[in-house]
Amino acid sequence: MWPSTPVLLELLLLSPLVAAVPLHDARSPWRKLSDGLVQRIWGALDHEKSLDIDEHVMGPRVHSASERKLLAGYSESLVLRFNISTSEEAAALAEASETLFLDVWEFNEDWVDIQLAESVVPSLLGLLPSSLRHAHVPLMRNIDLAQAIVDSYPAPSATRPHENNRFSPSLYPSRSKRQHPFFQDYQPYSVIEPWMDLTASMFSTHVRKISIGKSYEGRDISALRVGVHPTNDEQPSSRRKTVLITGGSHAREWISTSTVNYIAWSLISSYGRARGVTKLLEEFDFVFVPTLNPDGYVYSWETDRLWRKNRQPTSLRFCHGIDLDRSYSFHWDGDKTHSNPCSESYAGDTAFDAVEAKGFADWAKNETEHNNVEFWGLIDLHSYSQQILYPYSYSCDQLPPTLEDLEELGLGLAKAIRTSRRGHTYKVASACEGNVAIAKDGKKRVMLPRMESNGGSALDWFYHDLSVKYAYQIKLRDTGSYGFLLPRENIVPTGEEVLEGVLYFGRFLLDKIGVAATTPRIMRPQEAHDDAAESASDVEADTNFELRRRR
């Protein structure tokens, strides 16, 4: 487990590593200290190569009690992908899924993925038209669902191969000396919270940890506010331009939480090193919210890996949870799911019934009305299907007033992601079109019936009610090979490609306000403690950089 932040910082400040920085080092005192802290934290967690143990040396591993429970819970489940092409097929599949209380994982213009028990497959097929009874294939063909669930948790430590403690809330050593340990596994809430505390303490000049609300069970919905405020009191301060980057609305979408943290750390550790990032953080605040749904996230770690909703009670004692992304007030249409609290997209009894959604919206409104904040952008991360979606979600018949700007920036984001070092292809569409099946009638595209309601989304609420001009929902990797159970090896590549998208987003906004933007060389998380990786231009920029403290 992590030691407390004050204790850890005291140990680090007394560390000979920090004291050993050469006197001729050109970096600022703050930079020398922060570099030392970073290296001390992450370097101390990297064991010598001789301690790394290959899996074949460990021998066969016996499953722990927690793993056996997960394997038993999903041992007879699978995910089927259906290809639908007519309105009748779409309507029949939607009705059958609701009748049988099935978990619709994802749906778009190409396919619908549904999780169900093997024993339910005959019942489902019996409710479908004959054309769909053979128009499906199983996902994860090389591994069963239960094993994919177990594999998504942190691996047993290489230095403790006989301890099956992958469910322990602690940070594991990196499996590579060149990789950042925090991003080599998905991390539980109990690790993310102190990591945020520590990050805010290490980089207090431009990072502050805040709470944007409380969950139903009383947990903090924590965020990192990142930005640099000049201290020129002679000039009246203008409204602070702010970008929100959120994840974890749906508990099982762990990659969204990890990606928010990856982007946050990359920008934070690049401040003062990369001119482009430094300029961006001088002009904008970024608020990073990795776990909007902390109760559900904790439940997905401790009880049910595929849990989606929050943990609020409903009118049915045995069906907990409200879908946060169906709870916002703009075109809330919970009446369609009111009769089924067991539905994965249950919107609650009223708009903003979900405690976390209400708290987030109230915080955002308060920021604009009382704290001199102007939200310029929203990037709401989800998984999966690799799509960049813009408003509106609730209807395909209504076009957003700033459609041209949304499409322009959306296409730029997709290109930045695709052309990054390990980038994948992301589709760009309105949120409505990205979440419905589309058939071709000759040359005409025909919208088919929805698989579930799309009203009450955070994307639409922030765009319409809070006037956030550049609002996007990004669905991350992959396109269905693993779905919500994306292997940990994808954490860093996903973070890297979305980071490129965020940097493009920032350059786009700087251009809109008339500030010249430079393409920054980002300090990747795995490079943050490696001074040798810095370019000469970054060192020069750091030498001439005058630190500006927050107000």
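Partners of Y470 by ring pair (Phe, Tyr, Trp, His ring centres under 6.0 Å), not counting sequence neighbours, listed by chain and number: F508. By the salt bridge (charged side-chain N to carboxylate O under 4.0 Å, His left out) test, K469 pairs with D405, sequence neighbours left out. Scanning for ring pair (Phe, Tyr, Trp, His ring centres under 6.0 Å) contacts around Y299 gives W307, with sequence neighbours left out. Qualifying side-chain contact (heavy atoms from CB on, under 4.5 Å) partners for A223, counting only residues two or more places apart in sequence or in other chains: I210, I212, V287, V289. Qualifying salt bridge (charged side-chain N to carboxylate O under 4.0 Å, His left out) partners for D323, counting only residues two or more places apart in sequence or in other chains: R308. Shown here are the ring pair (Phe, Tyr, Trp, His ring centres under 6.0 Å) partners of H424, two or more places apart in sequence or in another chain: there are none. Among residues two or more places apart in sequence or in another chain, the ring pair (Phe, Tyr, Trp, His ring centres under 6.0 Å) test is passed with F505 by none. By the salt bridge (charged side-chain N to carboxylate O under 4.0 Å, His left out) test, D295 pairs with R219, sequence neighbours left out.
Judged by distance alone, the side chain of T257 and the main-chain N or O of T291 form no donor-acceptor pair under 3.5 Å.
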Output a table of donor-acceptor pairs, distance under 3.5 Å, between side-chain atoms of residues 407-417 and any protein atom two or more places apart or on a different chain; print 'none' if there are none.
residue, atom, partner, partner atom, Å
E407, OE2, Y390, OH, 3.1

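Ring-centre distance between Y297 and Y189: not below the 6.0 Å cut-off. Aromatic ring centroids of F203 and Y271 lie 6.0 Å or more apart.
The salt bridge (charged side-chain N to carboxylate O under 4.0 Å, His left out) contacts involving residues 474-486 comprise E106-K475, R477-E497, where partners must be two or more places apart or lie in separate chains. Applying the salt bridge (charged side-chain N to carboxylate O under 4.0 Å, His left out) test to pairs two or more places apart or on separate chains, those with a residue in residues 358-368 are R225-E367, K358-D362. Listed by first then second residue, pairs satisfying salt bridge (charged side-chain N to carboxylate O under 4.0 Å, His left out) with a partner in residues 241-250 number zero, not counting sequence neighbours.
In terms of heavy-atom proximity, P294 sits nearest to S215 at CG-CB, 3.7 Å. Residues Y328 and F360 approach most closely at OH-CD2, 3.4 Å, considering heavy atoms.
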